[in-house]
Amino acid sequence: MTTPLAPAPGCGAIDLHREDGQRAVFCGLTGIVWLHRKIRDAFFLVVGSRTCAHLIQSAAGVMIFAEPRFATAIIDERDLAGLADCNDELDRVAARLIERRPDIKLLFLVGSCPSEVIKLDLSRAAQRLTAKLGSVKVLNYSGSGIETTFTEGEDACLAALVPDLPREAPEAAPSLLVVGALADVVEDQFLRIFSAMGIADVRFLPARNAAAMPAVGRNTRYLLAQPFLTGTARALDERGAKRLAAPFPLGAEGTTGWLAAAAEAFAVPQATFEAATAAGRARAETALGPYREKLGGKRVFFFPDSQLEVPLSRFLAREVGAELVEVGTPYLHRAHLAAEIDLLPEGTRVTEGQSLDDQLDRCRAARPDLTVCGLGLANPLEAEGLATKWSIELLFTPVQGYDQAGDLAELFARPLGRRALLEV
Ligand code: SF4
């Protein structure tokens, strides 16, 4: 079922549709796979079923063989039948975990569909365990498929951190907060550019360890590095921080727009901004050159998955000349994506939500050159002769910033190159 919507204010001239129906997306538990690598002294304890444990293990692949910082406390029949006190069991599991792993400083209790259905109160459990476990901070959030889609798991995790962040002194000088888990190498590159712009006090949420989480207050200005952080932004607003409106730092143009928003807020002179970004822009331009030939004119279809679809489409259309057949997104945050929507080519079909069969019909009829979709759709579509790109890689690979612009284009060019090779 699809309904064309009258463009809302700030929706540029896109052709916006909303769909409801069957969906093929991950639940928010998947976020644990990249979040546990980012916050190095955190542990993610999913309170769920064997299904949840299987999901995380398959998504994390070989990482389950390293010393893991995530696990599932499995709710079994005794818990479901009300024969055992789930809270006592959870306390025992958490206490044993912390005893064995003294390196853990932050413990996330992650809610799932089963824990929500039996109404296990994980927020009370987190408070109780924080008091009991002493040196470990225990927080909770939901990664369930009922409440969250894929990257919304990261949003829920970061939003859970915000009320607990240190309070910045009211008279503190303005500070810049970059919000969203980024690869360390990307953070370091951004720090160097901000420093060249003269912005010295730059913090990141999440920080690399529990003790380094950033302070926030009325003088905090924050830049979202990811488009799916609705709840986190709301929580930061409640702490008095102010969002800087910007496109997302994907591709050279997005990165420049994102950095320019900070430059404007911190009154960086134009010449200083130009000097700080010139080398990066030039490197991105050189790296993108070859991809204009490979991706130029290629027709791309996005299934909804991560909420990264709109900025990625903008990048593909404007920086390498791809043609957008349809841009699916699980959720379109009109305000956070306003700058992106303005940059999309006029008339781009954007579909919010999903009715899987209808969307598959449109995709098959259009026969795009490249289909960006989740793992569940990729192989079946390949078997039908369509080239696909797994969207999950866009979360596992460093793609933000000038120096990653070429790598980002490569992620889209690779499936086309592989197909060409196989066809020879
Ligand atoms: S949280 Fe829900 S959707 Fe996710 S793996 Fe567990 S049961 Fe499945």
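Order of appearance sets the numbers: ligands from 1, and atoms from 1 within every ligand. None of these values were measured; they are calculated from a predicted model.
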Consider only side-chain N and O atoms of E116 and S144, and report whether a donor and an acceptor are under 3.5 Å apart.
->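 Yes, because at least one side-chain N or O of E116 sits under 3.5 Å from a partner of the opposite role on S144.
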
Is it true that the side chains of T232 and D155 contain a donor and an acceptor less than 3.5 Å apart?
->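 The answer is yes; a qualifying pair exists.
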
Applying side-chain hydrogen bond (donor to acceptor under 3.5 Å, both in side chains), run through Q359 and E326 and close with a yes or a no.
-> CA-CA 9 Å; Q359 202 162 33; E326 174 167 340; 3.1 Å; yes

Could you find the nearest protein heavy atom to atom 8 (Fe) of ligand 1 and give me its residue, atom name and distance?
->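 The closest heavy atom on the protein side is T51 CG2, 4.0 Å.
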
What class does the angle between the rings of W258 and F190 fall in, given that below 30° is parallel, 30 to 60° is tilted and above 60° is perpendicular?
->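 Tilted, since the angle between the ring planes falls between 30° and 60°.
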
For [X], counting its heavy atoms only, list the atoms of ligand 1 lying under 4.0 Å from any of them.
X	result
S144	1 (S)
C113	1 (S), 2 (Fe), 3 (S), 7 (S)
G145	1 (S), 2 (Fe), 3 (S)
S112	1 (S)
C27	1 (S), 3 (S), 4 (Fe), 5 (S)

Hey, is there an N, O or S on C52 sitting under 2.8 Å from atom 2 (Fe) of ligand 1?
->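 False for C52.
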
Derivation and outcome, side-chain hydrogen bond (donor to acceptor under 3.5 Å, both in side chains), residues S175 and E168 = CA-CA 10 Å; S175 62; E168 198 174 50; 3.2 Å; yes

Given side-chain hydrogen bond (donor to acceptor under 3.5 Å, both in side chains), test Q404 with Q189 step by step and report yes or no.
-> CA-CA 10 Å; Q404 281 64 242; Q189 289 165 8; 2.9 Å; yes

